[in-house]
Amino acid sequence: MSNQRLTTGALLRYLRGNNKEKAILQVVGIKTIDSKVDDASALTKRYRLMLSDGRCTFSSCMLGTQLNRLIEANSLKENAIVRIDRVMVNAIDKQNGRLMLMIHELEVIQSDSERIGDPVALPLTDIINNAGGNANRFEATDNFQPATTLVPPATNVIRQDSNVLPTIDGRNNAKNSNSHNNSLSAKGGNVIDKDRVMSIDTLNPYTNKWTIKVRVSTKGAIRTYQNARGPGKLFNCDLVDQSGEIRAAAFNADCDKIHAMLEVGKVYYISRASLKPVNRQFNSLKHDYEMAFNHDTCIELCEDDDGNSIPKVQFNFIPISEVANRAPSTICDVIGVAKSAADLDTIISKTSQKEFTKRDILLVDENASITATLWGKQAEEFQVSSNPVVAFKGIRIGDFNGRTLSTVTSTLISQDPTETSRTMELHTWFEKEGKSMDLPDLSKGADIGNQQTPFKTLAQITAEGIGLNDKPDYINVKCIITLIKKDSAVYMMCPQEKCGKKVIDENNGSFRCEKCNKTYTSYKWSYMLAAEISDATGSQWISAFSNEAESLLGMTADEFGNHKLNQNENIIDDIFRKTTNRERIFKLRAKADHFNDERRIRFTCMRISDVDWSSHGRRLMEEIKHIEPVQH
DNA sequence: CCCCCCCC
């Protein structure tokens with residue numbers, strides 16, 4: 001039984017606008033609000049509480065999502081006694097003036113309790129009619145006036161239902177609109193109220209009246225789309241202030257005007273727009289909601305931006321190694337040093353048959369490396385200077401050969417960004433040691449984080465159907481080499497960089513490449529090793545190419561090729577014999593393909609390493625730990 | 001209210 005005394009009457013006082021009070025209340029009901037988003041993650045889930053002050057209950061109490069964890073940890077539950085540390089009053093219904101409490105901070109004083117008193121629901125008349133005459137209450141009630149066009153729009157204020165375009169001449173206009181604001185805000189008008197600027201991170205769909213002062217950090221092109229409701233167009237932009245960031249979109253009739261007005265890097269006052277939960281698949285910004293501009297939206301250029309108070313961009317970097325733990329197709333922010341950059345390349349899209357320009361960058365940080373693919377203009381404009389630090393905001397994770405990064409149209413690329421100390425940190429690290437480090441490459445199936453490649457026996461590979469999926473499977477096996485195909489171990493490769501095609505020896509000193517459609521006077525030796533590996537459960541043919549074959553045989557393809565040319569059969573046999581001397585760990589990529597109507601699984605060697613017997617032993621112990629120890 | 005973002 002609880003001895004806590006509840007703060008009687010606190011709920012009504014809150015609804016009247018006295019939100020400074022830190023009341024002790026009891027939770028008498030918790031409801032989950034259905035999220036309309038597919039992604040039912042904790043980020044979008046909301047809880048509505050019914051609170052009691054001992055005498056009355058009030059059921060429209062929204063819990064700030066940052067407090068969801070209290071419910072999920074079973075600390076905040078029915079009958080719990082809580083202290084309300086920060087609460088706001090909001091109107092939820094313009095027509096009948098219904099209010100809600102938005103709970104931003106609370107502390108659970110006592111998790112388990114019994115019901116205190118016999119509270120009754122706060123009468124609706126009390127909730128609606130107690131205007132109380134203070135500022136908060138007004139804020140909640142003056143929205144009851146329908147949005148009207150009583151107010152003449154200031155010249156540099158864009159109202160979407162007006163035909164007034166923004167003017168470049170800001171100073172006087174800014175003054176004018178300010179005076180408009182001051183004289184009109186008392187009447188509850190429509191013009192932006194610059195004295196009440198909220199920070200982005202407090203925006204939510206239950207806040208009825210807000211103004212934000214934000215910088216446009218990115219702005220996408222206007223795109224058209226077609227869906228069940230017909231054709232449409234839109235553009236996206238990202239808005240930042242000191243507190244955070246939010247993505248916004250404008251559609252159809254509102255699209256062109258707002259797109260023309262907003263300029264990347266400039267600061268605007270914005271009020272009136274709708275807010276809806278984000279879809280994490282397309283939006284990685286650190287905000288639970290995204291904004292849709294609409295007919296009522298007011299946007300006004302802020303000319304007196306001092307350039308410092310509002311950041312240009314907000315980054316939320318994850319380490320490259322962490323990309324391995326993220327789901328493919330999601331969006332993230334990543335920073336690293338461009339260790340190398342490939343030349344521009346073009347590809348033909350399979351779906352659209354259109355040609356696209358691309359450029360691959362090898363991005364490295366202290367713990368890992370990854371291939372980042374830049375597309376189109378961003379690929380062309382990328383400055384291939386000496387190892388710049390490159391920050392990607394909103395880049396998409398792919399899963400080709402492990403994990404890759406690939407820009408999308410909304411990706412912001414920033415070379416040597418000054419907004420983050422990581423730039424200097426990475427430059428220093430790269431100069432000191434990074435440039436000579438051989439880091440695990442996520443785009444070559446490196447083991448990082450939670451993505452540890454599982455160990456399998458060869459019998460398990462067949463039994464578990466490994467390699468039969470659409471995506472390749474990666475596995476480790478502990479095997480010895482039992483056979484190597486000698487004749488096909490190396491082939492004559494086209495000398496053209498990146499071609500890789502086998503050339504035809506025309507036996508007159510020239511070598512023909514069918515792919516390049518050219519004849520060369522030279523070729524390069526290249527490995528294409530077919531080897532049989534075996535463990536106690538079976539055997540399997542695998543392929544090993546360049547680096548892996550070289551590390552296995554202990555010589556370059558060139559050296560091997562020369563032995564072959566010189567018919568040093570003994571040397572070659574000896575090399576092969578030496579490969580059978582011990583067990584090795586083979587990291588394999590298993591992928592089915594079709595060959596003459598027959599499905600087979602191709603095993604490609606990604607890495608060959610010696611057995612680390614201490615870690616291997618630990619792994620085996622993990623596997624057998626479910627076996628009861630024998631008592632002596 | 002979009003959500004396509006390409007190739008191996």
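Here is the naming used below: chain letters follow the sequence lines, and residue numbers restart at 1 for every chain.
Residues meeting the salt bridge (Lys or Arg N to Asp or Glu O under 4.0 Å) test with A:Asp593, sequence neighbours left out: A:Arg600, A:Arg602. Under the ring-ring contact (aromatic ring centres under 6.0 Å, His included) criterion, A:Phe251 pairs with no residue at all, not counting sequence neighbours. Checked against salt bridge (Lys or Arg N to Asp or Glu O under 4.0 Å), A:Asp365 has no partners two or more places apart in sequence or in another chain. With sequence neighbours left out, A:Arg512 forms a salt bridge (Lys or Arg N to Asp or Glu O under 4.0 Å) with A:Glu514.
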* Letter per nucleotide, 5' to 3', of nucleotides 3-8 of chain B [B base touched, S only sugar-phosphate touched, - untouched; heavy atoms, 4.0 Å] -> BBBBBB

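Evaluation of the side chain to side chain donor-acceptor pair (under 3.5 Å) test over residues 377-386 of chain A, restricted to residues two or more places apart or in two chains, returns A:Thr357-A:Glu380.
Using a 4.0 Å heavy-atom criterion, one finds that A:Asn252 contacts the bases of the nucleic acid, with or without backbone contacts as well.
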